[in-house]
Amino acid sequence: MAIGEAEAFSERMKRELVALESANVYALMETESVVEEVLQGLEVASICVEDMDEWLGIFNTKLRHMREDIKSIEWRNNRLELQSDSNVALIDEVDKLLVLLQIPPEYEASLTGGSFDEGNMVKNIEACDWLTSAIKNLEASNIDPIYVKLRAVREKRAEFVLLKCTFVRRASEFLRNYFPSLIDSMLNDKGNFSERGHLQRPDHADMRYKCRTYARLLQHIKSLDKSCMMPLRKAYCHSLNMLIRRESRDFSNELRNSSKASKSSTPLFEGPAGANQPASITDSPADAYSKMITVFIPLLVDESSFLAHFMCFEVSALSQSDASSSNPNAESTSTSSVALEASASKTSNNPAELGALNQCLQELLDGIQEDFYALVDWAFKLDPLSCISMHGITDRYLSGQKAEVSGYVQVLLDDLETRITILFSRFVDDACYQIEKYERNVRQVGVVPYIPRFSQLAARMEQYINGSRDLVDQAYTKIVSIMFVILEKIAQVEPKYVDIVLLENYAAFQHSLYDLANVVPTLAKYYHQASEAYEQACSRHINLVIYIHFEKLFQFARKIEELMYNMSPEEIPFQVGMSKVDFRKMLKSSLTGLDKTINAMYRKLQKNMTAEELLPSLWEKCKKEFLDKYTTFLKLISKIYPDEKVTSVNEMRDILASL
């Protein structure tokens, strides 16, 4: 642009600006008409804009009113929809409530006047299920609190309770009459009981089957009104008690009538020595007791368990193993599975329920013990030793009772065991009394009769053992203790023959009980005690015989022993009466005629001995004891009189052997 200097350029620009402004003013003056038209147009446009603004204000006001109307309509529509939904929900709730309050006609007919025959029990149970559920649904805990105070709900609840009371009263009355009628029908049937020549085992399977028909009914009665259960339980127990007592009485009587057992010749301690020989057991009265126990104890356990389930006691169930253990002689017990299908098993026992069950069991089984007692007493009179078998049988069954529902059966077995123990103790006491009588008799010669008789008694008692040995071992302890005490007293009657009486009787005791002592620990203890007493008596008697015939010899030896306590052996020959001359005189008087002296000693042993079989062993003991004493004598003499010639031990042994 040919810019050179700034000032010149600035001037040039100013000139061009002035020229441009002049041209613009000129152009504006030329377009004045156009500007006026534009201004008129702008004025018209401004008027239109003002009119438009007014119309827009009017439209805006109308739209605002329309929005308010639409909002009001929408709010009212929402209210209507909410009300409609609420009405639908209310109708549903009312329908549900009506279902709870409505009584189906068929159920109402069953509850108020239906029959309790076996064919109608399904309908009755369904009606009970509905009634139980209906009452439960109207309880405050199971219904909405807003319904609890509704008059309709209160009235229906009262109606249901009245319906429940009516049904429970009718059902209870029916069952109270049904149980006696069922038992009466069984009592009237003679085929259910033992008769002469026919032993009938009780069979309650049909009765239980009929009772199970009403098991669910009893459960509903208990859930509806527990107070009605006690009269029903009493009615059932009283009726069944009559049946079981009749069965046990007839069974027990027939057992005694049909038994071939006769009065046993049980070995006693009185009478002639050869009497009362033991006999083998053929028909023991304990067999009748065993049959009674085998038949009735499982029956009573099953009835106890059935009662606990059938009458809805909240106690633990009797397991199959417990039921089987109640009959240890049987392979299986068909009635042990008495759990009702509808019964809910309980894992823990309610103390109040268990107490009520025990009370009912006592009513159910009370009086049956008398038949068992009568059988025990009868068996004891025929054969007192049968108590051993009966005690073992009872103890075995007693150990099998584990379930609490059979508690009364355990009490019965306890009482039986106690009664058997008392009766057998009476027999043992009588035996001890007979033994004690020997003390008051004249002097006994030889073996006391009660010793061989005890061996007979023990052999027979061992045949009766059936299980525990406690009863027999206690009897052995008591009888043998009395025997030994009385034997010692009898021996003291004649002091001269004390040891002879003792050794003969203790030897007889060992001989008669040798076989039994090998297998019976209690008798083995007394066998060893008798053996020790026998050895002591033999020793005393042999020493007495030896001293009688060699008194001077062993008195001289005793003096030497006494002097040796205070002086040396060399000084003894110089004591008064102990010189060599005195020694030779004593030796000559003692050993002269040795054959005759030893023969006299043998005859002394033989004298007053009634058990000849004991003499050889006694004589051997005597020779051995004499040789031992003589050996000791020679040892003393060799110290005091070493130069004196005395018969040696070997020579003395040869002399004894030659006689």
Side-chain angles (χ1 to χ4, degrees), residues 267-274 276 428-458 475-514 517 522-551 554-555 558 600-622 625-626 629:
L268 299 177
F269 298 99
E270 291 182 333
N276 301 321
V428 173
D429 292 341
D430 184 58
C432 293
Y433 175 72
Q434 294 177 23
I435 293 172
E436 291 172 351
K437 285 184 178 180
Y438 285 90
E439 180 187 356
R440 299 190 290 270
N441 293 343
V442 295
R443 184 180 71 85
Q444 298 289 337
V445 178
V447 178
V448 184
Y450 63 66
I451 288 181
R453 288 176 184 168
F454 173 74
S455 67
Q456 299 170 12
L457 177 64
Y476 286 159
T477 301
K478 189 169 185 178
I479 294 175
V480 177
S481 299
I482 292 293
M483 286 170 57
F484 286 175
V485 170
I486 299 302
L487 179 60
E488 296 288 341
K489 292 182 179 180
I490 291 174
Q492 299 297 328
V493 173
E494 290 289 343
K496 292 191 300 182
Y497 307 113
V498 172
D499 295 324
I500 295 176
V501 172
L502 290 178
L503 69 90
E504 284 187 333
N505 282 277
Y506 282 125
F509 182 86
Q510 294 178 77
H511 176 72
S512 61
L513 290 175
Y514 177 77
T522 303
L523 291 179
K525 180 182 71 173
Y526 289 106
Y527 181 91
H528 293 306
Q529 184 177 334
S531 178
E532 293 175 1
Y534 169 78
E535 294 296 334
Q536 294 173 3
C538 285
S539 178
R540 291 194 301 269
H541 184 56
I542 289 170
N543 287 330
L544 178 63
V545 171
I546 292 173
Y547 277 111
I548 287 175
H549 294 84
F550 295 93
E551 181 178 5
F554 295 114
Q555 278 186 351
R558 189 180 299 113
M601 187 166 63
Y602 179 81
R603 289 193 299 272
K604 181 65 176 178
L605 278 178
Q606 190 179 26
K607 185 180 180 181
N608 298 319
M609 285 283 293
T610 60
E612 293 292 337
E613 67 277 3
L614 295 178
L615 191 57
S617 63
L618 194 62
W619 175 240
E620 291 299 323
K621 290 178 182 289
C622 184
E625 185 68 20
F626 175 72
K629 292 182 180 297

Where do [X] and [Y] come nearest, in terms of heavy atoms and distance?
X: Ala458; Y: Tyr476; answer: O-OH, 3.2 Å
X: Lys621; Y: Glu535; answer: NZ-OE1, 3.2 Å
X: Pro452; Y: Val447; answer: CD-CG1, 4.0 Å
X: Ile548; Y: Lys604; answer: CD1-CE, 4.0 Å

Checklist entry - Taking only residues two or more places apart in sequence, or in another chain, which ones meet Gln606 in a side chain to side chain donor-acceptor pair (under 3.5 Å)? => result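 Residues passing side chain to side chain donor-acceptor pair (under 3.5 Å) with Gln606: none at all.
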
Side chain proximity check, [X] to [Y], heavy atoms < 4.5 angstrom:
X: Lys607; Y: Ile500; answer: no
X: Lys489; Y: Val485; answer: yes
X: Ile542; Y: Phe626; answer: no
X: Ser455; Y: Ile451; answer: no
X: Lys478; Y: Asp429; answer: yes

Next on the checklist: Quick check against the 3.5 Å criterion: does Ser617 have a side-chain atom that pairs as donor or acceptor with the backbone of Leu614?
Outcome noted: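 Checking the backbone N and O of Leu614 against the side chain of Ser617, a donor-acceptor pair under 3.5 Å is found.
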
Item to check | Check: Tyr527 main-chain N/O paired with Ser531 side-chain donor or acceptor under 3.5 Å | outcome: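 Between the backbone of Tyr527 and the side chain of Ser531 there is no qualifying donor-acceptor contact (under 3.5 Å).
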
Checklist entry - With a cut-off of 6.0 Å (strictly less than), are more than 12 heavy atoms of other residues, nucleotides or ligands near NE2 of His511? => result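 Count not over threshold, so no.
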
Please round to the nearest 0.5 Å and tell me the distance separating atom [atom1] of [X] and atom [atom2] of [Y].
X: Asp430; Y: Ile435; atom1: CG; atom2: CD1; answer: 10.0 Å
X: Met601; Y: Leu605; atom1: CE; atom2: CG; answer: 7.0 Å
X: Leu523; Y: Tyr514; atom1: CG; atom2: OH; answer: 14.5 Å
X: Cys538; Y: Glu625; atom1: SG; atom2: CD; answer: 11.0 Å
X: Glu504; Y: Asp499; atom1: CD; atom2: CG; answer: 11.5 Å
X: Asn505; Y: Glu488; atom1: CG; atom2: CD; answer: 10.0 Å

Next on the checklist: Could you walk me through whether Leu457 and Ile479 satisfy the side chain to side chain contact (heavy atoms under 4.5 Å, CB included) test, starting with their C-alpha distance in whole Å, then the side-chain angles of each, then the deciding distance to 0.1 Å, before giving a yes or no?
Outcome noted: CA-CA 11 Å; Leu457 177 64; Ile479 294 175; 4.1 Å; yes

Item to check | Single hit among Leu502, Leu503, Val498 for side chain to side chain contact (heavy atoms under 4.5 Å, CB included) with His541 | outcome: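 By the side chain to side chain contact (heavy atoms under 4.5 Å, CB included) criterion, His541 pairs with just one of Leu502, Leu503, Val498: Leu503.
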
Checklist entry - Do Tyr534 and Phe509 have their ring centres less than 6.0 Å from each other? => result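 Here the rings of Phe509 and Tyr534 have centres that are no less than 6.0 Å from each other.
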
Checklist entry - Do Tyr438 and Tyr450 have ring centres separated by under 6.0 Å? => result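 Between Tyr450 and Tyr438, which both carry aromatic rings, the centre distance is below 6.0 Å.
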
